[in-house]
Structure formats: C-alpha cells, structure tokens
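Report on one structure; see the data block that follows.
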Amino acid sequence: MDIEERKKLEAQGIVFHYDREKRLENQPKIKAFYEKQENLPRGFFNVLKAAPGGKFLIITIIMLMAVIVLLGIFNKTGEDKIAGVPVSITAFSFEDQIYTTLKFAETENVTSGMITAEIAVMDSQSTIIDKKTYEQAYTGDELLIRVIFTNYDITRVVAVVKFNGEEKTIHTPVSK
C-alpha cells in the first residue's frame, strides 16, 4: 500500500495503528545499519578507502611492500667485492655433506695476487664446527674454490677472504 491509497482510506475513516515512518525513526541503530548495507562499498581497497584509518593502512601496505622489494634487490647474502673482484659463496646440503663454492669472478684491470680464504662452517648457535684454509693465485680469470664438509647440523658457512691487502667476511645460509 502506498501513501496515496493510505490517505484515501484515512479520509474514509479507517484508522491505522501502524505507521512505518514512526517505526523506522525509533528502530535501533544496528537495524538501520543492516538495512543500508546494500550501499556499502565492495572489494578490499574500496572498504579500506571508506574506513576511517583505511588510507593510512593502504599507505603502510605499500611502504612495507617497497621495503621487501628493496631488501630483496640490495641485500644479497653471500656476495661482496674485494679489491675490485666480485666474490660470492654458495652452500648446499646433500647426503650428509655440505658442498661449498667460493667463486671469484673474471675481471679485467686487476693485479694478480694470492688469495687466502678461510672457510668455516657454523651450527645454529654460531659455534664453529670445522674450518679450512686455502691459498690460490688469482690472475683475473674465474677462480672457484670448492670445499666439502661433513654435515653436523651446519646452518651457515662463513668465509674470510684476503686479497691484495684487503680482508672481507662473507657468509651464506646452507640451503637444504
């Protein structure tokens, strides 16, 4: 029944004891919220934009994603340069052995010299389990130093490299 029909019936003397407008004025706020729910925004970002602190939350999410990407790009474990020579270390576990490779990349315009590498393996409490020292001549060509350790719950490999008066420490976790 619409308003016009209701007014015609009231003019004929019919009394209505129920008035929907008065009921809607006195209804609880939670009921009004659920009746208006069809107009609420849909979707994750639309809801965040409509919420009071949502814009701040969106900015925080974007900043955290940027930090994660930048750390992934610039925080390279197991890589460094010593006297202009890029050095990297990798380690993986296979059948109770830890295979470690210390790689000196091929470079030009670098004076040749002796490389001293002290490679140590550590457990989860940073206790040195085993240590080996190697000396190799570097002439500018790619140089690989490969070492095999017995696995006694080793989690990290650390190499102290000395070349042309410089000393660097590089480390890497053992991939399983």
Side-chain angles (χ1 to χ4, degrees), residues 37-176:
Q37 194 171 16
E38 300 158 1
N39 299 332
L40 292 178
R42 303 272 184 217
F44 182 71
F45 287 106
N46 291 334
V47 169
L48 283 179
K49 287 191 301 187
K55 292 178 181 115
F56 175 74
L57 196 58
I58 290 173
I59 291 170
T60 304
I61 290 170
I62 291 170
M63 289 175 61
L64 285 174
M65 289 175 61
V67 166
I68 290 170
V69 168
L70 290 175
L71 284 176
I73 292 172
F74 294 115
N75 190 16
K76 302 283 187 192
T77 59
E79 294 181 9
D80 205 349
K81 274 192 170 185
I82 181 166
V85 178
V87 181
S88 65
I89 187 168
T90 57
F92 67 93
S93 174
F94 182 73
E95 292 184 358
D96 293 333
Q97 300 286 325
I98 302 293
Y99 295 90
T100 305
T101 302
L102 186 62
K103 177 182 175 183
F104 297 86
E106 181 177 348
T107 55
E108 297 177 8
N109 303 328
V110 174
T111 59
S112 59
M114 289 299 288
I115 290 177
T116 305
E118 184 178 282
I119 302 170
V121 289
M122 299 181 170
D123 63 1
S124 59
Q125 285 83 27
S126 296
T127 305
I128 295 176
I129 303 295
D130 196 3
K131 186 187 297 186
K132 295 182 180 177
T133 304
Y134 293 91
E135 263 191 43
Q136 292 276 336
Y138 181 73
T139 59
D141 295 332
E142 183 179 71
L143 175 66
L144 298 173
I145 298 175
R146 293 193 169 111
V147 187
I148 299 174
F149 295 98
T150 305
N151 190 0
Y152 297 107
D153 295 326
I154 295 170
T155 59
R156 190 166 55 135
V157 178
V158 178
V160 178
V161 181
K162 298 175 188 173
F163 179 62
N164 286 347
E166 279 190 47
E167 181 176 320
K168 295 276 179 139
T169 302
I170 57 174
H171 59 87
T172 186
V174 176
S175 59
K176 304 282 180 184

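These values consider heavy atoms only, across backbone and side chains, with no hydrogens, waters or symmetry-generated copies. Along the sequence shown, residues carry numbers from 1. Quick caveat, the model's predicted, so the values are computed rather than measured.
With rounding to the nearest 0.5 angstrom, the CG atom of Leu70 is 12.0 Å from the CE atom of Met65. From Thr172, atom OG1 reaches atom CD of Glu79 across 9.5 Å, with rounding to the nearest 0.5 Å. For the atom pair Asp130 CG and Met122 CE, the distance stands at 12.0 Å (nearest 0.5 Å).
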* Could you go through the side-chain contact (heavy atoms from CB on, under 4.5 Å) check for Asp141 and Leu143 one step at a time? => CA-CA 6 Å; Asp141 295 332; Leu143 175 66; over 6 Å; no
* To do: Start with the C-alpha gap between Ile115 and Tyr134, add the side-chain angles, then the distance that decides, and say whether side-chain contact (heavy atoms from CB on, under 4.5 Å) holds.
  => CA-CA 8 Å; Ile115 290 177; Tyr134 293 91; over 6 Å; no
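Every residue meeting the salt bridge (charged side-chain N to carboxylate O under 4.0 Å, His left out) condition with Lys168, not counting sequence neighbours, appears here in chain and number order: Asp80. For Asn164, the side chain to side chain donor-acceptor pair (under 3.5 Å) criterion is met by Thr111, not counting sequence neighbours. Taking the side chain to side chain contact (heavy atoms under 4.5 Å, CB included) definition, one finds that Ile62 meets it with Ile58, sequence neighbours left out. Scored by the side chain to side chain donor-acceptor pair (under 3.5 Å) test, Ser112 finds no partners at all (sequence neighbours excluded). Under the ring pair (Phe, Tyr, Trp, His ring centres under 6.0 Å) criterion, Phe56 pairs with no residue at all, not counting sequence neighbours. For Glu108, the side chain to side chain donor-acceptor pair (under 3.5 Å) criterion is met by no residue, not counting sequence neighbours. Phe149 pairs by the ring pair (Phe, Tyr, Trp, His ring centres under 6.0 Å) definition with nothing, not counting sequence neighbours. Legend: residues meeting side chain to side chain donor-acceptor pair (under 3.5 Å) with Ser126, ordered by chain and number and at least two apart, are Arg156. For Lys49, there are no salt bridge (charged side-chain N to carboxylate O under 4.0 Å, His left out) partners at least two apart in sequence or on another chain.
Contact detail for Ala117 and Leu102: the closest heavy-atom pair is CB-CD2, 3.5 Å. Between Ile119 and Ala159, the shortest heavy-atom distance links the atoms CG1-CB, 4.2 Å.
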Can you give the donor-acceptor pairs under 3.5 Å from side chains of residues 81-101 to other protein atoms, not counting sequence neighbours?
unit_1: Ser93; atom_1: OG; unit_2: Asn151; atom_2: ND2; d: 3.3

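Panel note: side chain Lys55, backbone Leu48; no donor-acceptor pair is recorded below 3.5 Å.
Sequence neighbours left out, not one pair with a member in residues 63-89 passes ring pair (Phe, Tyr, Trp, His ring centres under 6.0 Å). Residue pairs that meet the salt bridge (charged side-chain N to carboxylate O under 4.0 Å, His left out) test with at least one member in residues 111-123, sequence neighbours left out, are Glu118-Lys131.
In this structure, Leu144 and Phe104 have side chains that are not in contact, with every pair of non-hydrogen atoms separated by 4.5 Å or more. You'll find the side chain of Thr116 stays beyond 4.5 Å of the side chain of Val161, heavy atoms only. Within the 4.5 Å cutoff, no side-chain heavy atoms of Met114 are placed close to those of Gln136. Contact annotation: the side chain of Met63 never approaches that of Val67 to less than 4.5 Å [non-hydrogen atoms, C-beta and beyond]. Taking the side chain as every heavy atom from C-beta outward, Val157 and Val121 approach each other to under 4.5 Å.
The environment of NZ in Lys162 is sparse: at most 12 heavy-atom neighbours from other residues, nucleotides or ligands sit within 6.0 Å.
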